[in-house]
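Each residue takes its place number in the sequence, starting with 1. Start at 1 and go down the list; that is how both ligands and their atoms are numbered.
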Amino acid sequence: MIRQVPSASPINPMLPSPILPGAWLGLLGGGQLGRMFAMAAQSLGYRVAVLEPEPDAPAAAVADLQITADYDDPRGLERLGALCAAVTTEFENVPAASLMWLAEHIEVSPTAASVAVAQDRGEEKRFIEGSGLPVTPYALINQESDLSGLTESIWPGILKARRFGYDGKGQARVEGEESARRAFRELGGVPCVLEKRLDLDFEISVVVARSADGSTESYPISQNTHVNGILSVSAVPGPRVDPELAKKARAAALHLAMRLEYVGVLCVEFFVERNGTLLVNEIAPRPHNSGHYSIDACASSQFEQQVRTLAGLPLGSTRQHSAAVMLNLLGDLWFDREGKGPSEPDWAAVLRYPGARLHLYGKREARPARKMGHLTVVAEDPAKAREEALSIAALLGIAPW
Ligand SMILES: Nc1ncnc2c1ncn2[C@@H]1O[C@H](COP(=O)(O)OP(=O)(O)O)[C@@H](O)[C@H]1O
Ligand SMILES: [Mg+2]
């Protein structure tokens, strides 16, 4: 039998040769995404340096080296740049100036420009609309007076700070002008976007990887449930994701990656309204919580893909070999109903389930709403994965759906 070998992409003399295992890869940020990046990079034989001000951050515990400095500390950046062959980031709020400075000396992906688009909800919306894709109706609110005289149809809304929000933080649900004015002041009077609060049917996301030669791969679509603005469950395949919706979402995500001339791993979050309309919610210039299932359910994980794009290696296969349901493990799990705790959940009982794949991030202190880890339940079919995930959720005392 003749084996099919994927044909190599045409050699582009402008592209640098790949950075091979043994080299140092650098990371700005030391959270759990960085930790999983470091593990994937090390498994491929790279060494990893993390620039992170917190001494015992999740990524720092596994990296070969931590440079304990602020993300914009010139000496820290210089050290990182001198050691590493390429640098990436694990969160979008890294100063764009740091990425730009590093890019003058070594490979940096994604670029400061791509990251900057995702750092500001206003810029992000303009970019998505400019790419011809629909977004939630919104208004830019730079000062309190911008809240008067808005079209009635925008209420009720969600007021979101343009910068530094995550996991539902920096957001307030508002009913009308009065409550929006109060919320604007409570958010500190910073520039905001006001979004119409939609009657969502469900939410999905797509993780894509794009390499410097323009080749792309996309992961199967996650169907996501959020509780209090924080991701709670991702199911892949999602029970509501039909092939047509999947095709549309994938095409939109790849289109955005191409428009950004993106190099790296990018996630696009979508809203699906009750009337079936697909809207782009936001983009994340990095691996995403809703793509964690790929570690246990796909040929190459989103973190391995981040390493491959950074090092200029061929993209890995995104083929899904198992159905998956991912449950986020928040700090609430460490406390009882009366708020007493913390005490370690019964992981031994969880691990009795054959499909349970536990990932804890090594955070010392459990706090309510803090992402402490995730658990992916893999199975041969989606119904089995869901059933086992429900049993484990009941065991842990969480209601993820
Ligand atoms: N305009 C909206 N209408 C309805 N639900 C929303 C809207 N905006 C956000 N949400 C809900 O809040 C979650 C978090 O909001 P998002 O804008 O994605 O911020 P974050 O950066 O915190 O992820 C969304 O996934 C969704 O469940
Ligand atoms: Mg989001």
Side-chain angles (χ1 to χ4, degrees), residues 29 31-33 90-94 115-129 133-141 150-151 153-176 179-180 183 187 190-207 221-235 238 240-241 249 252-253 256 265-292 326 328 330 369-371 374 400-401:
Q32 62 266 21
L33 299 177
E90 59 117 34
F91 75 130
E92 50 266 51
N93 290 322
V94 57
V115 175
V117 168
Q119 280 179 342
D120 179 316
R121 291 187 193 277
E123 291 300 324
E124 183 177 58
K125 289 208 190 299
R126 265 202 285 257
F127 163 71
I128 296 164
E129 283 183 304
L133 294 166
V135 298
T136 311
Y138 73 99
L140 295 179
I141 309 297
L150 293 172
T151 153
S153 62
I154 202 155
W155 310 108
I158 301 188
L159 190 66
K160 304 180 178 180
R162 282 175 66 159
R163 297 176 66 86
F164 303 120
Y166 69 98
D167 288 346
K169 291 190 180 74
Q171 300 192 8
R173 294 163 84 87
V174 293
E175 304 313 314
S179 65
L187 288 173
V190 295
C192 286
V193 296
L194 172 66
E195 281 181 21
K196 181 179 173 62
R197 202 189 311 155
L198 301 171
D199 184 18
L200 300 180
D201 193 358
F202 58 98
E203 296 180 60
I204 59 173
S205 57
V206 188
V207 173
I221 278 94
S222 313
Q223 185 176 325
N224 305 321
T225 307
H226 292 79
V227 175
N228 300 326
I230 307 180
L231 182 67
S232 173
V233 186
S234 291
R240 303 287 307 280
V241 182
L256 291 175
V265 171
L266 174 81
C267 178
V268 183
E269 295 179 29
F270 297 89
F271 292 149
V272 185
E273 289 188 279
R274 291 203 188 275
N275 63 12
T277 310
L278 181 69
L279 301 170
V280 178
N281 171 24
E282 60 173 351
I283 60 178
R286 49 170 173 77
H288 194 259
N289 198 165
S290 64
H292 289 356
M326 187 229 50
N328 256 349
L330 302 183
R370 189 176 199 202
K371 287 177 178 170
H374 72 270
W401 278 281

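- In terms of protein heavy atoms, atom 27 (O) of ligand 1 is closest to Glu203 OE2, 2.5 Å.
- Of all the heavy atoms of Arg121, the ones lying under 4.0 Å from any atom of ligand 1 belong exclusively to the side chain.
- At a heavy-atom cutoff of 4.0 Å, ligand 1 is contacted by the side chain of Asn281 but not by its backbone.
- Looking only at heavy atoms of the protein, atom 9 (C) of ligand 1 is closest to Lys160 NZ, 3.3 Å.
- In this structure, Glu175 pairs ionically with Arg197, as a charged nitrogen and a carboxylate oxygen lie closer than 4.0 Å.
- Going from atom NZ of Lys371 over to atom CD1 of Ile230 covers 7.0 Å, rounded to the nearest 0.5 Å.
- Distance check on atom 11 (C) of ligand 1: every protein heavy atom falls at or beyond the 4.0 Å cut-off.
- With hydrogens and angles disregarded, no donor-acceptor distance shorter than 3.5 Å links the side chain of Glu273 to the backbone of Leu198.
- If you look at Gln171 next to ligand 1, the close heavy atoms, those under 4.0 Å, all belong to the side chain.
- Neither the backbone nor the side chain of Asn224 comes within 4.0 Å of ligand 1, counting heavy atoms alone.
- Here the side chain of Glu195 pairs no donor or acceptor atom with the backbone of Tyr138 at under 3.5 angstrom.
- By the neighbour-count criterion of 12 heavy atoms within 6.0 Å, atom CG of Asn228 is sparsely surrounded, having that number or fewer from other residues, nucleotides or ligands.
- Every atom of ligand 1 with a heavy atom of Glu269 under 4.0 Å away is listed here by number and element: 18 (O).
- When each atom of ligand 1 is checked for a heavy atom of Lys196 under 4.0 Å away, the hits are 1 (N), 2 (C), 3 (N).
- Near Asp167, meaning under 4.0 Å from one of its heavy atoms, ligand 1 places the atoms 20 (P), 22 (O).
- Any N or O atom pair closer than 3.5 Å counts here, and Lys169 shares no such pair with ligand 1.
- Contact atoms of ligand 1 toward His226: 25 (O), 27 (O) (distance under 4.0 Å to a heavy atom of the residue).
- Glu269 contributes OE2 and Glu282 contributes OE2; the angle these two atoms make at the Mg ion (ligand 2) is 80°, rounded to 10°.
- A donor atom on one side chain and an acceptor atom on the other are not found under 3.5 Å apart for Asn328 and Ser232.
- Nearest protein heavy-atom contact of atom 6 (C) of ligand 1 is Ile158 CD1, 3.6 Å.
- Going from atom CD1 of Ile128 over to atom CD of Glu123 covers 11.5 Å, rounded to the nearest 0.5 Å.
- The residue among Leu200, Asp199, Leu194, Leu198 with a heavy atom at the shortest distance from atom 3 (N) of ligand 1 is Leu198.
- At least one donor-acceptor pair under 3.5 Å links the side chain of Arg274 to the backbone N or O of Leu200.
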ask   = Can you list the steps and then say if Arg126 with Glu129 is a salt bridge (charged side-chain N to carboxylate O under 4.0 Å, His left out)?
value = CA-CA 5 Å; Arg126 265 202 285 257; Glu129 283 183 304; over 6 Å; no
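- Ranked by closest heavy atom to atom 14 (C) of ligand 1, the top entry among Gly229, Ala118, Ser290 is Gly229.
- For atom 20 (P) of ligand 1, the closest non-hydrogen atom of the protein is Glu282 OE2, 3.3 Å.
- With respect to atom 22 (O) of ligand 1, the closest heavy atom belonging to the protein is Gly168 N, 2.5 Å.
- Geometrically, ligand 1 and Phe271 share no nitrogen or oxygen pair separated by less than 3.5 Å.
- The nearest pair of heavy atoms linking Pro137 to Ile154 is O-CD1, 4.4 Å.
- Residues passing the salt bridge (Lys or Arg N to Asp or Glu O under 4.0 Å) test with Glu269, sequence neighbours excluded: none.
- Numbered from 1 in the order shown, with element, the atoms of ligand 1 that lie under 4.0 Å from a heavy atom of Tyr166 read 21 (O), 22 (O).
- Judged purely by distance below 3.5 Å, without hydrogens or angles, the side chains of Ser234 and Ser222 never pair a donor atom with an acceptor atom.
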